[in-house]
Amino acid sequence: MSAGNRKFRKILIANRGEIACRIIWTCKEMGIRTVAVHSDVDRDSLHVRYADEAACIGPAPSAQSYLNIPAIISTAEIFNVDAIHPGYGFLAESSYFAEICEACNIKFIGPKASVIRLMGDKVEARRAMKAAGLPITPGSSEPVTSEEEALQIAREIGFPVIVKAAAGGGGRGMRVVRSADELGAALETASTEAAAAFKDGSVFLERFIDKPRHIEIQVLADEYGDCIHLGERECSIQRRHQKLLEEAPSTVLSPQLRAEMGAAAVNACKKIGYSSAGTFEFLLDQDNKYYFMEMNTRIQVEHAVTEMVTLADIVRNQIRIAEGEPLGYTQDDLMIVGHAIECRINAENPETFAPSPGRITAFNLPGGPGVRVDTYVYAGYMVPPFYDSMIAKVITHARTRDLAIARMKRALEVMVIEGIKTTIPLHLKIMDDPKFRAGDISTGFMEEFLASEGQRNPISANASRA
Amino acid sequence: MSAGNRKFRKILIANRGEIACRIIWTCKEMGIRTVAVHSDVDRDSLHVRYADEAACIGPAPSAQSYLNIPAIISTAEIFNVDAIHPGYGFLAESSYFAEICEACNIKFIGPKASVIRLMGDKVEARRAMKAAGLPITPGSSEPVTSEEEALQIAREIGFPVIVKAAAGGGGRGMRVVRSADELGAALETASTEAAAAFKDGSVFLERFIDKPRHIEIQVLADEYGDCIHLGERECSIQRRHQKLLEEAPSTVLSPQLRAEMGAAAVNACKKIGYSSAGTFEFLLDQDNKYYFMEMNTRIQVEHAVTEMVTLADIVRNQIRIAEGEPLGYTQDDLMIVGHAIECRINAENPETFAPSPGRITAFNLPGGPGVRVDTYVYAGYMVPPFYDSMIAKVITHARTRDLAIARMKRALEVMVIEGIKTTIPLHLKIMDDPKFRAGDISTGFMEEFLASEGQRNPISANASRA
Amino acid sequence: MKDSESQSVAKVERKTRETVAPESQGVRERNPSRQPKPEPSVNMDELRELIALLRENGLAEFELEREGFRVRLRRGVEYDPMETRAAPAPSTPTEAPKTAASATGSPAPSHPGALAQTAASEDQGLHIIESPIVGTFYRSRSPNAEPFVKTGSKVEHDSVVCIIEAMKLMNEITAETHGEVVKIYVENGQPVEYGQPLFGIKK
Amino acid sequence: MKDSESQSVAKVERKTRETVAPESQGVRERNPSRQPKPEPSVNMDELRELIALLRENGLAEFELEREGFRVRLRRGVEYDPMETRAAPAPSTPTEAPKTAASATGSPAPSHPGALAQTAASEDQGLHIIESPIVGTFYRSRSPNAEPFVKTGSKVEHDSVVCIIEAMKLMNEITAETHGEVVKIYVENGQPVEYGQPLFGIKK
């Protein structure tokens, strides 16, 4: 340890599932002891087994366990941990939780609470990023207060526009509006949805970009103002704003554009005093212009594709940075080798997307060159109905995108999960889709794909059409 | 397909276990259909499930199934395959089998039968490689015919010498002799052992090199005389001449020495008309002088460590070359990134090394960055007692050797195989061994390691002490 | 928080095994009416009928899904072996890192991976008072004070049986049943997790 | 070899088995009555019928899904621990590449992964003549000749029952038992694998 004298002996992981396992794996490699917390239905979960110590912190519902801040802090104090890694979801972007950790002298592995709070408010984040020089989509910089105001703004930026929840995410509180007469109703539904989902009905307006790509830049920043980016991820394959499949690199980013977007993200990090790993999400329009959407101030599900093409361990870097270590890399150290794809395997009906919890009766993972599987389930495991349906991530890596696709296809073909339904068949179909294979994708891909599959998908259609 | 018009539609895999699965994976990536052959106890084996077609070719004993050439050729003809991949072991180095394939117009995926035959005879191989300019250990170039002749040769090359079976392998028919009066008895036992094991009692003499490293060079050669090497593997961690753990690259090879050994191997390939993937095994003495030992004219168990550091798919290259494709790479394309380690997980008692077949009751594989597992077993699988005890290979890859070791340790810690005994605990101990961690290893490593573990290991001691 | 609050006493809601808490007890609990969500579309009579069907026919499990509506029933009967016994998480192959004592001097129990020591099978039939929160277990109000209860103590519903400290809050735990304390599963000062058995009460 | 040898007749050693191979039934052979299709609504009478079906047929589990409607039943009594203990190789999730007909025009059977068609359970008690080698099954000595045996034929130990061609060798297979041919499991000209049932003999 060079700086800060903050080397961790023990970390509590305030999460479950594959990301909890993922964090424990890296802690083991670093010689750091781990404490798992779990709900009472998760007693048999692998993160509990893998951790050096574990405590049951509450019943199944997240609000009483994985979101139960007093129980988590109590456990951290009882086990005398140095730091808490929040993973993704649950408390990962709770500035309140980060603050409590700080107050308790437990290092929160992530950026400062104030930065989390800033980037957690979409309106504030847009304002800050605009000030930091990032291009943003034309739109209201404040929540709209009336239909009249909204109409005026919409006319300024031009239809179609999109109404978004200020506190939002996950597609809730979002409506595309193609003409003035649709605006009133859209504002009302979006605001109602936002209020229900986030307890905050504020909405704002933005220009709607047709068939954009979702491109995000991974950054690593230390506590001394040093920052680099690790290139981009292509995450356009989404359903109802939930990513299904991610790639690195994107087929449409030239080295110049990558360098430009990367530099813009790095510059923004420095402006807001960001530290830890983070992700800038951009929309890329059909002319390859990019617009800042939002920043995720945490590790992401899809971090693995970046790890495959860069050989970096992003979780290790998060921990090192939180320990007070300087970054130790310069932008010139970045090397992107080959192409990586990640498929999220969810315990869902691959046609209706209905959750499919239950007991896994047979389980077999793909192996061989260029295949990585991050999972927390095993033969005999009971997938509980209480949490996120993602049970595994399959990542393939090869010299070219074509080979990475061929590798993904065979990996999914030999992957066996019986007893529950999973999205494996869906991903297999995507691998065979001519547009996907050609790299001709946008955030509208899945809607078209599912329509051509003859699927009814009313909710998704609703969310992005009107 | 550029050359030869020999593109394969269907391949028969004349093997079982992880290597059969490994070959099927690559065939799937290449869009080639596969035919599995299996003994009747292997009906539930994954290679049978993964293949597009399968046939039971005989009862459990290898001689009646996996070594049953008529049954395999019959199956190949019934299913109308274009080629046969022999894997490793079984018929992989049978020049007779390669000849039959050639006679039946089925492409044998490997070098020409004549080359297999040449390299299969150790005395002939030494002579050919000496002629091709490879350094060999001083010794008799012909089998010794009498004790007098042996004594004279031994005095010329100087004690200690090693007596080796001409047809040998796996440590059988080998004796180290440290003085003239031990020679007669050693010749007799070695010859008897050789006759029993290989039906050929011929033995020859070589200078015995104390505490050498086992370093091997991976080559790829096409049918048009083009050849490159993919760097070296460090395979010194052996017990009774069976490799337990392999690495790439070796800690002691300078770029100059790597280039020199690689060029020597490539040159030798060209001299003997070698095609396909192959491996030159060398002894490296404590002054970093290298001596040719033998060539393996097939894919090797440990090929995966080379794949990890080069991003090459060696099986794909074997198939491409057999299809008549030109190599397509030059030596300058070789890039070695980071460090890889492979641990062979055997169904054995980790202390006595007694086989431990039986039903696997719980099974969990490690995931995360830089971890690859090639295996053919699963929860509920019955490991049969008839075949090789290796059930899985765990390979880790990281930027540095230290990180690769840390990664291997955590991978083995979270790997769960219950119901049978495995060598996982042994590998975990090796990962913690100070000499191993320092890279201070030789082919004598395991003997010392096991002795310091308080293990009796009489056969190994016998083989290398006299 | 380590430095902020002075000790105060709070009362924490607690559920015991007698009064089954439908959601909180998790998968291994045995209440058949656990899962159905009383959504407007559910006809209670129909549900009742379904459950009766389940019982009459010795069904263990029943699941029904229909356009966003889903019912799943599982009968409890006895501790269902398929739930936790049949397929526990595979035990890790290396015990070394687990049994090694923590260098931190933390009060971590010697068998980590599970804080709780479970009530032995001979204690079946006892009413178990479980910990409602994660925290540190104290048998008395202060180090020198007498324990709230000892083996043999009689308790009433509102008897304080222990204190569990969490984040400097001293939470009084009441018996919420009446009977005689016959087992005390946890040592004074030991950390406890959610659901961990604290006392065995004989009614 | 394809061009080398003329047809010759050889005799191959063969093993037979008295009882039907139970393991040859395969994973996919579950119960045929597993996927009935009732109405997409909860109809209690129908449910009752389903459950009766479950009981009568000794089914442990039942699942039905259709256009947003899904029913799943599991009988209580016993959770079969063998289900995980004696687990067969997991069946591959994608059937597509398996059932696709080979483009090669090879005589591969339509359900690859297993050449053998298995003897049905009703054939238990029969003596099964199994193929001793991999090859192509012929019922007669030449295309125009009469079959060696038909259903109803009586065979003795040394009766030739068929020929299996392997590598251009015509291997005569003898009955090695006596009795009446009641089942012929393989079509003329079809490939067979080691151990595949050829004939069922009633003694």
Review point. So how far is it from His38(B) NE2 to Glu193(D) CD, rounded to the nearest 0.5 Å?
Key: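 One gets 5.0 Å once the value is rounded to the nearest 0.5 Å.
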Point to revise | Distance, nearest 0.5 Å, that separates CD of Gln190(D) from CD1 of Ile78(B) | key: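 These two atoms lie 10.5 Å from each other.
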Point to revise | Shortest non-hydrogen separation from Met167(D) to Ile69(B) and the atoms involved | key: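 For Met167(D) and Ile69(B), the tightest heavy-atom pair comes out as SD-O, 4.5 Å.
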Point to revise | Closest non-hydrogen atom pair between Tyr194(D) and Ile57(B), with its separation | key: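 Looking at all heavy atoms of both residues, the closest pair is CB-C, 3.6 Å.
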Point to revise | Heavy-atom pairs under 4.5 Å with chain D, option from Ser39(B), Pro70(B), Ala71(B), Gly419(B) with the top count | key: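 Answer, by heavy-atom pair count under 4.5 Å with chain D: Pro70(B).
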Exercise for review: Give a yes or no on whether Lys107(B) atom NZ has more than 12 heavy-atom contacts from other residues, nucleotides or ligands under 6.0 Å away.
Suggested key: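 Counting neighbours around NZ of Lys107(B), more than 12 heavy atoms of other residues, nucleotides or ligands fall under 6.0 Å, so yes.
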